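To start, the structure itself, in structure tokens.
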Amino acid sequence: MLIRALKSREMILALAIAILIGLIAMQFPGFIAPDNLADAFNDTSPLIILALGQMIVILTRCIDLSVAANLALTGMLVAMINTQFPALPIPVLITIAIAAGTVMGAINGLLTWKLDIPPIVVTLGTMTIYRGLIFLLSEGQWINAHEMSDSFKALPRHEFLSLPLLSWIAIAITLAFIVLVARTPLGRAFYAVGGNPNAAVYAGIDVGRTQFLAFTLCGALAGLTGYLWVSRYAVAYVDIAGGFELDVVAACVIGGISIAGGVGTVIGAFLGAIFLGVIKNALPVIGISPFAQLAISGAAIIIAVAFNARSSRRKGRLILKHEEAVG
Amino acid sequence: MTLNQSASALSQPQPVMAISNVSKSFPGVKALNQVSLELYAGEVTALIGENGAGKSTMVKVLTGIYQPDEGEIQLNGVKTTFHSAHAAANAGITAIHQETVLFDELSVAENIFLGNAPKGRFGLISTSTMRQQARALLQRVNANINPDTPLRELGIANKHLVAVARALSVDSKVVIMDEPTAALSLKEIEELYTLINQLKQEGKAILFISHKFEEIFAIADRYAVYRDGEMAGSGHIDTASQQELVNMMVGRPVDQVFPPRQPTHGKALLRVEGYSHPTEFANISFTLKQGEILGFYGLVGAGRTEFMQSLFGITKHTAGKVFIDAEEIEINTPGQAIARGIVYVPEDRGHHGTISNTPIFHNVSLPSLGKTLKRKLLNPPAELSLTRTFTERLELRAAALDQQVNKLSGGNQQKVVISKWLATEPRIIILDEPTKGIDIGSKAAVHQFTAELAAKGMAVILVSSEIPEIIGMSDRTIVMRDGRICAELSKPEMTPEALVQAAAGITHA
């Protein structure tokens, strides 16, 4: 049991992260100062939350490319509401953000379920639509820090046990997802639908509905992140988090969530996000140019995917053998 | 075992292709055991056998998809090995498969020349030459098809002709036709015969695989019969009668022992009336009693699986009623069927049965999760004990119950699937080819358990293409042909001959 845990993909990834941090610390001891690590974790928190949402979508053999656009649209929406009605309490705004994100996720899910459109096409379309809506809503204007109320900006920074609330939210969602994915029938259905949709149908699981629920949950998390993002960076405009959906997918892939569906764990997605977060935080410290940073992040993604592909190859052969035996 | 090699003693022509004593094993199954096959230029050899007799495996050996474990392949008297499908194709062996392997989105000409297109200047594909040659080939097979038509616009028969034209486009010596008539109308079959005769005149050796005896007698010059992966006979077709071929196909040493049963039938549990589907089956009616094992026999494509899937709510039916305990019920989703106590153990384990990269106990508990929940959360200890209860009864051999299913042998995977359904505590269980492709030991365990289920009052529908299994297990057998029930045989009427004749549509004995 212990050996298997040590050999698991999650453990290898955790080791890789530890080695990475160790290497950086040898050159820049300041990087492992508790404050700096806490900052890096806080920076990575939105990625963690979005990666968890994306993970359950990918588990069901779908993909959601609209998460960053969803985030940006809800962020703009709550920022505009805040500037118009500064007295509106923050919990109401958070509820609005989650509701708006949920609706956008549900739209993705419904199009996939009822119209049977491939998820990559659906979310590529809604990604563009949601971004376009931000422009229509804001008329291209920025909402800057001074227009937002103080309480609006303060919430994610509010510290508790020397970690900002944003970090605690990421931790809480991770824990909730461990229970959801590993301990509820819905979580099991995600794996069944992605692992073998045909067999899931025979077991009485509604594949389309399960995928719809994954999209909806993912949208809800994107909506929540929309508020957190805009309040933390204290700015909202059309292009916030542009291209961030690719980081989210990359975090999942690095974390061992199989794009083919049915394989992956919450801890894996969490660590995948951390891995990407460490790289993104460390490279500027080391003094690598922003362009090289992009290339290095990209290389890390490909290495991680190649690693995953290698570790799952043997399984593929077994399946072939099995089919030969039957045929 | 009687080897029937009577004729062919006078003039000994040299076979174009000779397979001798070839064996091929897969984990848990010996698909071919010391079988031989000879194909002669200008002659049609019919390969005959039940489902699972090894015909498809032999086709794959001939076309280089499988490499035999032992035995030898000779081409024009020279020993050859095909390391790949490509090597076999280069040696002039072409197969026209059951489901034609063509590309819907490409044009007819592109399909004919895919991978072998005529080159023009700069090594680019010359479309004009390709079109010309395609037209000539299509004329040779008497097909009135425009080579520029996209393939998807053609009917199944014309697609077949395109496949034949493709076979002719390379200089093939051996043409393999794997159930070419399965989807053809009578007129199209006539045209196919003309074509086969033309191929014979061109000196090609043809291997013709079919279930239908009238076709075999109409077109074949020689025959080879396989049974359970072994040779059951071969020779000239004019020296054999239909009855002899049937006997070779089904007659077997009694090597399987079925559990003894004293069936006690209770009241009628399931009644199906007039179940129909637009294309797959029509007017299926029967009654199933408690404690009964009802066999469903038929050839591949007779509509048995399609009907069972519809009864289980996977596909929709257009007409018909289902009654359980004399109460009419509606089944439109598998969830409804499971809730009513009907479960279906599908034929295709890989596709429909297991979620192979997850642990055994996840698979077994999946349809029964509701029973194991604790405060609405999954409860792995309860799932494990549920799984243990049923896998132990089936003698599942696994290192641990959290082992991934794809690490198990075929027989043990099948036990996982059956355990999964038994764990739902069904009243009616549909077993679709429950022992296909699994080893003898696992078969016996599945048979034993099937008998126990019936003894406990469960009603069992056993869909099987294995005649001994049907005869050994079922109390009554329904035979389907072309989507309809064509015979119902009581226990004493169930003989191998009667089953084969009913399924193949042979009216005289």
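Lettering follows sequence order; numbering is per chain, from 1. This structure is a prediction, so every number in the text was calculated from the model and none was measured.
Crowding of A:Ile120 atom CD1: a count of heavy atoms from other residues, nucleotides or ligands under 6.0 Å not exceeding 12. Around NZ of B:Lys371, the count of heavy atoms belonging to other residues, nucleotides or ligands within 6.0 Å exceeds 12. Within 6.0 Å of the NZ atom in B:Lys376, the count of heavy atoms belonging to other residues, nucleotides or ligands does not exceed 12.
Nearest heavy atom pair, residue B:Trp421 against residue A:Ala203, reads CH2-CA, 3.6 Å. Taking each heavy atom of B:Gly353 and A:Ala199 in turn, the nearest pair found is O-CB, 3.6 Å. The shortest non-hydrogen separation linking B:Leu369 to A:Pro185 is CD1-CA, 4.1 Å.
In this structure, the side chains of B:Leu366 and A:Ile205 come closer than 4.5 Å at one or more pairs of heavy atoms. B:Ile314 places a side-chain heavy atom less than 4.5 Å from the side chain of A:Tyr202.
For B:Ser365, the part sitting under 4.5 Å from any heavy atom of chain A is the side chain, from C-beta outward, and nothing else. In this structure, no portion of B:Gln336 lies under 4.5 Å from any heavy atom of chain A. For chain B, no part of A:Ala189 is nearby; none of its heavy atoms comes within less than 4.5 Å.
One finds the CZ atom of A:Arg188 at 5.0 Å from the CG atom of B:Leu378 (value rounded to the nearest 0.5 Å). Rounding to the nearest 0.5 Å gives a distance of 9.0 Å between CG of A:Asn196 and CG of B:Asn357.
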